[in-house]
Amino acid sequence: SDALTLDAITKGYNPGKPSEVQVLRGASLSVRVGEVVALVAPSGAGKSTLLHIGGLLDTPDSGRVLLAGREMGGLSDRARTEARRGDVGFIYQFHHLLPEFTALENVVIPQLANGTAPAAARARAMELLEMVGVGPRASHRPAALSGGEQQRVAFCRALANGPGLLLADEPTGNLDPATSDQVFAALMALVRGTGMAALIATHNLELAARMDRIVRLDQGRVV
Ligand code: ADP
Ligand code: ADP
């Protein structure tokens, strides 16, 4: 079965204005449960737009979005927000950790917001941090961690509530090649270890080659 289905998605910005741009022109894509798919395209091709639509942060002009087989089109705003919070984890190029909280607390907080009991949230956070090798640094604030460590903490935070689908937008884009490699390996360990599906936008072909499948975004379509 599919964790995410995008069917004939179109999306443009600034209709009728000189700045009008048609970004997606009938993009279709499925990500199966447990599958890790690389989304490869040059800057400006519409990768972020596609991820935002798949993660219910933005709506398409036309086309269908299904999460875990469930049609998202007819839902109320409230139901969409619930689906986004429960079903999807996001990872960005810049991690946006809360600076005044420790690594552990950054992974605990979204779980408390989701209704998880504090002891269980701490145990889950520690387990995730250990999976990516930052367990020993769990009590440090982000400023005391290296860039690669901060990004690994951000991965744990995105997966804290156990979403079925991970959407990542250039997750190693701001890291040097050696750190990027290490951080990517940690991300794959997390995704494989939790059995979740992932759609990962990157322009790093070496990283893309280590995923299950590569799709390209070309002229607003997935090829
Ligand atoms: P990518 O992630 O592949 O770099 P984006 O999805 O960010 O591509 O952007 C695709 C195109 O859509 C670009 O030309 C960008 O300038 C334009 N775009 C993205 N978001 C907006 C917006 N909110 N308003 C107007 N244009 C936008
Ligand atoms: P990188 O070059 O990979 O970004 P850094 O040189 O920033 O790494 O950090 C190297 C190691 O030192 C990392 O394990 C990091 O967590 C630790 N570190 C850096 N700054 C601090 C600090 N202010 N307090 C404690 N540990 C730190």
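Atoms within each ligand, like the ligands themselves, are counted from 1 in listed order. The first residue in the sequence is number 1, and the count goes up from there.
For atom 6 (O) of ligand 1, the closest non-hydrogen atom of the protein is T49 OG1, 2.6 Å. Among protein heavy atoms, atom 12 (O) of ligand 1 sits closest to V23 CG2, 3.2 Å. Nearest protein heavy-atom neighbour of atom 8 (O) of ligand 1: G46 N, 3.0 Å. Y13 CD1, 3.2 Å is the protein heavy atom nearest to atom 27 (C) of ligand 1.
Closest heavy-atom approach to atom 10 (C) of ligand 1 among the candidates S43, G44, G220, S19: G44.
With rounding to the nearest 0.5 angstrom, the CG atom of L166 is 13.0 Å from the CG atom of D87. In this structure, CG in L129 is found 11.5 Å from CZ in R157, a value given to the nearest 0.5 Å.
In the vicinity of P42, heavy-atom distances shorter than 4.0 Å reach the ligand 1 atoms 3 (O). Set against the non-hydrogen atoms of S48, the atoms of ligand 1 under 4.0 Å away are 1 (P), 2 (O), 6 (O), 7 (O).
Ligand 1 has no nitrogen or oxygen under 3.5 angstrom from a nitrogen or oxygen of D169. Polar contact check, A45 against ligand 1: a nitrogen or oxygen pair lies under 3.5 Å apart.
Taken together through direct or relayed side-chain contacts under 4.5 Å among Ile, Leu, Val, Met, Phe, Trp and Tyr, L187 and F90 form parts of separate hydrophobic clusters. Note on L207 and M188: same hydrophobic cluster, where clusters join Ile, Leu, Val, Met, Phe, Trp and Tyr whose side-chain heavy atoms are under 4.5 Å apart, directly or indirectly.
Within the 4.0 Å cut-off (strictly below), a protein heavy atom is located near atom 19 (C) of ligand 1. Atom 16 (O) of ligand 1 lies below 4.0 Å from none of the non-hydrogen atoms of the protein.
Just one residue in the list V153, L104, L190 forms a side-chain contact (heavy atoms from CB on, under 4.5 Å) with L128, and that residue is L190.
Neither side chain, D61 nor T10, offers a donor N or O lying under 3.5 Å from an acceptor on the other. Between the side chains of Y13 and S19, not a single donor N or O lies within less than 3.5 Å of an accepting N or O.
Ion pairing between R32 and D212 fails under the 4.0 Å rule for side-chain N and carboxylate O.
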